[in-house]
Chemist: 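I'd like to ask some things about the structure below.
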Amino acid sequence: MKIFYLYQFCILGGVTTQLANRLKFLRDRCEVHFGFVGDYGGRVAFEGYDKVRILPTVEEIRAYIEAHDFDFLITIDTYELYDALKSTNDSGTVIHEVHTTYEHALRQLAEAKDDLPFDYVLTPSAYMKERLEEMGISGAIAVDNCLDMNLFRFDPAAGVPELAAPERGQDASGRQREPGQGHGTDASGRDCEPRQGRGTDASGRERESRQLPDSGAPSGAGFGEPAAAGAARSGQDKIVLWVGKLDAHKNWTSFLEVAARLNERRSDLKFWLVGGYTAPEEVKRLLREKTEQMGLANLEWIPKIDYDAMYRFYSAVSSGGGVYVSTSTNESFGMTVLEAMACRCPAVVPRVGALPELLTGELAVSLYELNDEEACADRICALLDDGRLRSRLADEGERKARKTYGIEAVGAQYLALLERLGSGGPSEVKD
């Protein structure tokens, strides 16, 4: 089986990570090719795999397709594939994967669906399947995202990595940062993607080594400090961790409100806000101003974390009795929540999008209504103070993550689905 994936951004983000995770399962079973319209340093995710190409024009995409006899052509929210297929005789099965939750992107797909030559639509959650059906896109197939459980694991001995900060304007390897960063409203991860437009990702997160620019933070605010140094000062303080982009979708201002409410109740907390390095300067300035105005001297802003180091942060938070909290307005899946669960870090999340699909059974006690910061603080305090509840949720979260969302389990399901679709068989993978 020969598979071609096309995505807009070759960036260390959520979609690229999902593709790299799929490759770990598929590479010994299929011939898998990856095409990206823009290069933003994401090739490292594929660990030297030789079938990753940057194809910036429709003509180059078309030529690459014509040079191979692909069984499957799969686009992830990227419409250039359809332009390339207009003048080819390729007979492969065309799949459109929907990971975005942005209304304009979903509306574009709904309006163009009758003119686009896809055979099937895949999406990462039952929530997204239902939402697509409401928009007139029926028959979408829900297939879970997967997580590398060898990487995301609880390590009780893990310390928070102390990473050296490279020069401002460079990435961790010394390369200049890519130009053209967007306005910071693209997705659910730590940093902004390069640009917005059609086919943007709703779950991709920029995954690069931590960068600690001169933040201009008020004295004592902890902005841009290495987290390990802050943790050393915090004594027995418990950590409340938030991970995401500084955008309206991730709703970071709600996290500040939660932190302020928690500070009114107790004095044993420290807050880590991870993400936002590529946010516009005015957003960073607003973060600094709000942090100072709200008296959040115990909040540390960590602009970037290396993807391979994230398990150490989740593990350190879990070992110290802390929690992970999300304030997102919507999620097509919820990768950071799954990462926390896999590392035994209890999660408090809003009842939005696909997040309730992750927090089922007793885990659902940690759900709260969006923007109800008081209720969010209640859920956090319950996990901080009730050791038995915390232990049960940590056990159940880790069990569910490993049983349901590992690369082997999801990969086998995904490959079986492709085999059925390729043979014209039934497409159902789950209700």
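Worth knowing before you read on, the calculation uses all heavy atoms, side chains too, and leaves out hydrogens, waters and symmetry mates.
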Chemist: Quick one: does any side-chain atom of Asp39 pair with a main-chain N or O of Gly41 as donor and acceptor, under 3.5 Å?
Modeler: yes
Chemist: What are the two closest heavy atoms between Cys10 and Ile54, and how far apart are they?
Modeler: CB-CD1, 3.9 Å
Chemist: Are any side-chain N or O atoms of Ser125 and backbone N or O atoms of Ser332, one a donor and one an acceptor, separated by less than 3.5 Å?
Modeler: yes
Chemist: Minimum heavy-atom separation for Pro350 and Leu367, please, with both atom names.
Modeler: O-CD2, 4.0 Å
Chemist: Can you tell me how far apart CZ (Arg420) and CG (Leu415) are? Round to the nearest 0.5 Å.
Modeler: 10.0 Å
Chemist: Determine, step by step, whether Thr78 and Phe36 satisfy the side chain to side chain contact (heavy atoms under 4.5 Å, CB included) criterion, reporting the C-alpha distance in whole Å, the side-chain angles of both residues, the deciding distance to 0.1 Å, and the verdict.
Modeler: CA-CA 9 Å; Thr78 301; Phe36 296 91; over 6 Å; no
Chemist: Closest approach of Pro124 and His99, non-hydrogen atoms and distance?
Modeler: CG-ND1, 4.1 Å
Chemist: Answer yes or no: is there a side-chain heavy-atom contact under 4.5 Å between Leu393 and Glu362?
Modeler: yes
Chemist: Any side-chain to backbone donor/acceptor pair from Trp301 onto Gly275? Under 3.5 Å, distance only.
Modeler: yes
Chemist: Have a look at Trp272 and tell me which of Tyr324, Trp242, Phe313 forms a ring-ring contact (aromatic ring centres under 6.0 Å, His included) with it.
Modeler: Phe313
Chemist: Taking C-beta and beyond as the side chain, do Thr329 and Thr101 meet within less than 4.5 Å on heavy atoms?
Modeler: no
Chemist: Do you know the tightest heavy-atom contact between Gly321 and Lys238?
Modeler: O-CD, 3.6 Å
Chemist: Hey, are Glu282 and Arg285 close enough for a salt bridge, meaning a charged N less than 4.0 Å from a carboxylate O?
Modeler: no
Chemist: Please identify which of these residues, Phe72, Tyr79, Tyr5, Tyr120, meets the ring-ring contact (aromatic ring centres under 6.0 Å, His included) condition with His96.
Modeler: Tyr79
Chemist: Judged by atom type as modelled, is there a donor-acceptor pair below 3.5 Å linking the side chain of His33 to the main-chain atoms of Lys2?
Modeler: no
Chemist: Got a donor-acceptor contact below 3.5 angstrom from the Arg153 side chain to the Leu151 backbone?
Modeler: yes
Chemist: Between Thr93 (side chain only) and Gly422 (backbone N and O only), is there a donor and an acceptor less than 3.5 Å apart?
Modeler: no
Chemist: Between the side chain of Thr291 and the main-chain N/O of Leu287, is any donor-acceptor distance below 3.5 Å?
Modeler: yes
Chemist: Students often mix this up, so state it plainly: with edges at 30° and 60°, are the rings of Phe9 and Tyr7 parallel, tilted or perpendicular?
Modeler: perpendicular
Chemist: Say whether, by atom type as modelled, one donor and one acceptor occur between the side chain of Lys24 and the main chain of Glu408 under 3.5 angstrom.
Modeler: no
Chemist: Check this for me, if you would: do Arg399 and Glu396 make a salt bridge, where the nitrogen-to-carboxylate-oxygen distance has to be below 4.0 angstrom?
Modeler: yes
Chemist: Rounded to the nearest 0.5 Å, how far does OG1 of Thr16 lie from CD of Gln8?
Modeler: 11.5 Å
Chemist: Quick check: does any side chain N or O of Arg53 sit under 3.5 Å from a backbone N or O of Asp50, one acting as donor and the other as acceptor?
Modeler: yes
Chemist: By the definition side chain to side chain contact (heavy atoms under 4.5 Å, CB included), identify the one residue from Leu256, Leu241, Ile302 that meets it with Leu273.
Modeler: Leu256
Chemist: How about Asp237 and Asn298: does a side-chain donor come under 3.5 Å of a side-chain acceptor?
Modeler: no
Chemist: Compare all side-chain heavy atoms of Asn263 with those of Phe271 and state whether any distance is below 4.5 angstrom.
Modeler: yes
Chemist: Measure across Tyr49 and Arg27 and return the closest heavy-atom pair with its distance rounded to 0.1 Å.
Modeler: CD1-NH2, 3.3 Å
Chemist: Kindly determine whether Leu147 and Met335 satisfy side chain to side chain contact (heavy atoms under 4.5 Å, CB included), including the steps that lead there.
Modeler: CA-CA 8 Å; Leu147 185 66; Met335 284 303 297; 3.8 Å; yes
Chemist: Less than 4.0 Å between a side-chain N and a carboxylate O, is that true for Arg261 and Asp378?
Modeler: no
Chemist: Could you give the distance from CG (Asn371) to OG1 (Thr253), rounded to the nearest 0.5 Å?
Modeler: 7.5 Å
Chemist: For a side chain to side chain contact (heavy atoms under 4.5 Å, CB included) check, start with the C-alpha distance between Leu384 and Leu269, then their side-chain angles and the critical distance, and finish with the verdict.
Modeler: CA-CA 10 Å; Leu384 295 175; Leu269 300 179; 3.6 Å; yes
Chemist: Do the non-hydrogen side-chain atoms of Val98 and Arg131 ever get within less than 4.5 Å of each other?
Modeler: no
Chemist: Decide whether Asp148 and Tyr311 meet the rule of one side-chain donor and one side-chain acceptor closer than 3.5 Å.
Modeler: no
Chemist: May I ask you to check whether Asn21 and Asn145 show a side-chain donor-acceptor distance below 3.5 Å?
Modeler: no
Chemist: For a quick test of reading the model, state the closest non-hydrogen atom pair linking Ala126 to Ala142 and the distance between them.
Modeler: N-CB, 4.1 Å
Chemist: Contact between Tyr368 and Val258 at the side-chain level, heavy atoms closer than 4.5 Å - yes or no?
Modeler: no
Chemist: Going by heavy atoms in the side chains, are Leu19 and Ile76 under 4.5 Å from each other?
Modeler: yes
Chemist: Could you tell me if the side chain of Val323 sits less than 4.5 Å from the side chain of Arg390, heavy atoms only?
Modeler: yes
Chemist: So that I can tick it off, tell me whether Glu331 and Lys250 are bridged by a salt bridge, with the cut-off set at under 4.0 angstrom between side-chain N and carboxylate O.
Modeler: yes
Chemist: Do the charged groups of Lys290 and Glu257 touch, with an N to O distance under 4.0 Å?
Modeler: no
Chemist: What about the rings of Phe333 and Tyr405, do their centers lie closer together than 6.0 Å?
Modeler: yes
Chemist: Taking the basic N atoms (NZ, or NE/NH1/NH2) and the acidic carboxylate oxygens, is any pair closer than 4.0 Å for Glu357 and Lys129?
Modeler: no
Chemist: Between Glu339 and Tyr314, does any side-chain donor sit less than 3.5 Å from a side-chain acceptor?
Modeler: yes
Chemist: Could you state the interatomic distance from CG (Leu132) to CD1 (Ile141), rounded to the nearest 0.5 Å?
Modeler: 11.5 Å
Chemist: Measuring from Ile95:CD1 to Leu122:CG, what's the distance to the nearest 0.5 Å?
Modeler: 5.0 Å
Chemist: Can you find a heavy atom in the side chain of Cys376 that is under 4.5 Å from one in the side chain of Phe255?
Modeler: no
Chemist: How many angstroms lie between atom CG of Leu338 and atom CG of Asp144, to the nearest 0.5 angstrom?
Modeler: 9.0 Å
